[in-house]
There are 2 protein chains.
Amino acid sequence: MTLLNPHDPERLDGVRDIPDATVARLPVYLRALAALADRGLTLCSSNDLAAAAGVNPAKLRKDLSYLGSYGTRGVGYDIEFLRYHVARALGQTQDWDVVIVGVGRLGSALSEYRGFSSRGIRIAALVDSDPAKVGTTVAGMTVAPMEDLPALVREHGVAIAVIATPGEDAQDVADALVAAGITSILNFAPALVKVPDTVTVRKVDLSIELQILAYHEQRVRGVAG
Amino acid sequence: MTLLNPHDPERLDGVRDIPDATVARLPVYLRALAALADRGLTLCSSNDLAAAAGVNPAKLRKDLSYLGSYGTRGVGYDIEFLRYHVARALGQTQDWDVVIVGVGRLGSALSEYRGFSSRGIRIAALVDSDPAKVGTTVAGMTVAPMEDLPALVREHGVAIAVIATPGEDAQDVADALVAAGITSILNFAPALVKVPDTVTVRKVDLSIELQILAYHEQRVRGVAG
DNA sequence: CCTTGTGAAGCTGTTCACAGCC
DNA sequence: GGCTGTGAACAGCTTCACAAGG
């Protein structure tokens, strides 16, 4: 049975409403907690953890307060205890199977990335529309054709997919993913994909990141001469 | 001579203060404008462009208003004219040379990515600390040792670097980059890097993106059963 | 006395709705 | 009449500063 305190926005199903900005930082906190634990620490203050995570201590405390009250006033946070509760809030009590669509350079790099597993992420399948790639082995997995998507999604209970195709294929892939029952998509293709609003899409665009940095460079150059 | 209107926050050096959120969307608008131009259009309304970029029309107009007044009331925007001005605001009147540190799978994938060049980004050099990789050819370039960084930065006038190393090397690499004169860093390593505040760092963390999606999945699963 | 947890203030970003202009 | 540009309202996020509590 879950403990409920009166000012707590916990819902009946045990899911709290955590602000987006906070959710995006929880994985950072988790990593910082792991780093502190690796140093042999068992306890930390919000100052310690905020420093390790690169955020303002007040922001850290406010973020953690959305999960519950897991610290001790005058003392700090028990690192393992907090780790457990942050992981739980993120849904890391289970592993999440992910399918990667597109085994070009980026897709292959992602497939072989070690570091997902300790974060509750498991690459369950690779898919590509190119017949020349189907059947080849990447990261120890056999690349499946697009037609297999619905079966793969069903069998593995996959909910999350990564699009690592050229931009022009992204919308077709997204449509296929949605049709196969995927409800969360991480899109690396440099293109906007449209999906029903039951599906969450996050976008990572490498060119855009560099263009933003170029903007700031230009700014300081303009001032400096 | 630059035109100045009274309510305009333009500064003497011609550099305006554009909100961060707007800067992050300008590359998206640029891509959307390119897509409209490819369709043979020469003119578009804020509705058209907002739809192509996946944003609210009011937000688009407000964003563009920070650059200046480049539309025509009752008519819309001249696509080429607006493209030029958005590109200019982003600093794309020149190409920006970028150095990539770390030619593992991700670094190699980035090196060979076509699509940077049309966005004013040029991969100028590859660097790796692993002697086994130094001297090899990746994406048509010879991988240089870390010791060459200062010279490379000086010779090419590089201001922007990408860290594509394992997390444990990221801080050392960042220190070397800062020492070599780099002032903007895109960090793909799953680690926090500390730099002087004269240096801008942006972070792309693949695990974190997937963890955020997993959170949302867990949320809907909790409700759905 | 120390550190958490949190109202309240302040800031940034988004959206609305309409004045201004073609 | 139609579409842009923008003040004003609103929503969300960050920071402050302090009460609460070990």
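Just so it is clear, the values below take in all heavy atoms, side chains as well, and ignore hydrogens, waters and symmetry mates. To find a chain, count down the sequence lines: A is the first, B the second, and so on, and within it residues start at 1.
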query = Roughly, in whole Å, what's the span from CG in B:D48 to P in D:dC3?
reply = 9 Å
remark   = To the nearest angstrom, the OH-C1' distance between A:Y66 and D:dC13 comes to 8 Å
message = Assuming nearest nucleotide by heavy-atom distance, tell me which of B:C44 and A:N56 is located more 5' along DNA chain D.
response = B:C44
request  = Would you classify A:A58 as touching base, sugar-phosphate or nothing, given that sugar-phosphate means primed atoms plus P, OP1 and OP2, and contacts are heavy atoms under 4.0 Å?
outcome  = base
message = Between B:R61 and B:S46, does the side-chain hydrogen bond (donor to acceptor under 3.5 Å, both in side chains) criterion hold? Intermediate values first, please.
response = CA-CA 7 Å; B:R61 291 200 301 275; B:S46 65; 3.0 Å; yes
ask   = D:dG5 C1' sits how many Å from B:L60 CG, rounded?
value = 12 Å
query = For residues B:T183 and A:E217, is any side-chain donor paired with an opposing acceptor at under 3.5 Å?
reply = yes
remark   = Whole-Å distance, A:F81 CZ to C:dT4 P, equals 15 Å
query = Between atom CG in B:N47 and atom C1' in D:dT4, what is the gap in whole Å?
reply = 11 Å
remark   = Which of D:dG2, C:dC18, C:dG5 is nearest the side chain of B:R61? It is C:dC18
query = Phosphate oxygens OP1/OP2 of D:dT14: is one of them under 4.0 Å from a side-chain N or O of A:R25?
reply = yes
ask   = Any idea which of D:dC3, C:dA17, C:dT4 is nearest the A:S46 side chain?
value = C:dT4
query = Counting distance only, does the side-chain N/O of B:S108 pair as donor-acceptor with the main-chain N or O of B:G104 below 3.5 Å?
reply = yes
request  = Walk me through it: do A:Y70 and A:F81 pass the test ring pair (Phe, Tyr, Trp, His ring centres under 6.0 Å)?
outcome  = CA-CA 8 Å; A:Y70 298 124; A:F81 184 70; 5.7 Å; yes
note = Whole-Å distance, A:L43 CG to C:dT4 P, equals 9 Å
ask   = So does A:T72 get a side-chain nitrogen or oxygen closer than 4.0 Å to the phosphate oxygens (OP1/OP2) of C:dT4?
value = no
Spacing of A:L67 atom CG relative to C:dT6 atom P, expressed in whole Å = 12 Å
Out of C:dC22, D:dT14, C:dT4, whichever nucleotide has its closest atom nearest the side chain of B:R73 = C:dC22
ask   = Phosphate oxygens OP1/OP2 of C:dT14: is one of them under 4.0 Å from a side-chain N or O of B:K59?
value = yes
remark   = Side-chain atoms of B:K62 come closest, of D:dG2, C:dT15, C:dG5, to C:dT15
inquiry  = Students often get this wrong, so: under 4.0 angstrom with heavy atoms, is B:D20 touching a base, only sugar-phosphate, or nothing?
reply    = sugar-phosphate
key: Phosphate OP1/OP2 of D:dG5: any B:Y77 side-chain N/O under 4.0 Å   = yes
Rounded interatomic separation in angstrom, taking OH from A:Y70 and C1' from C:dG5 = 14 Å
ask   = Do A:R31 and B:D205 meet the salt-bridge criterion of a basic N to acidic O distance under 4.0 Å?
value = yes
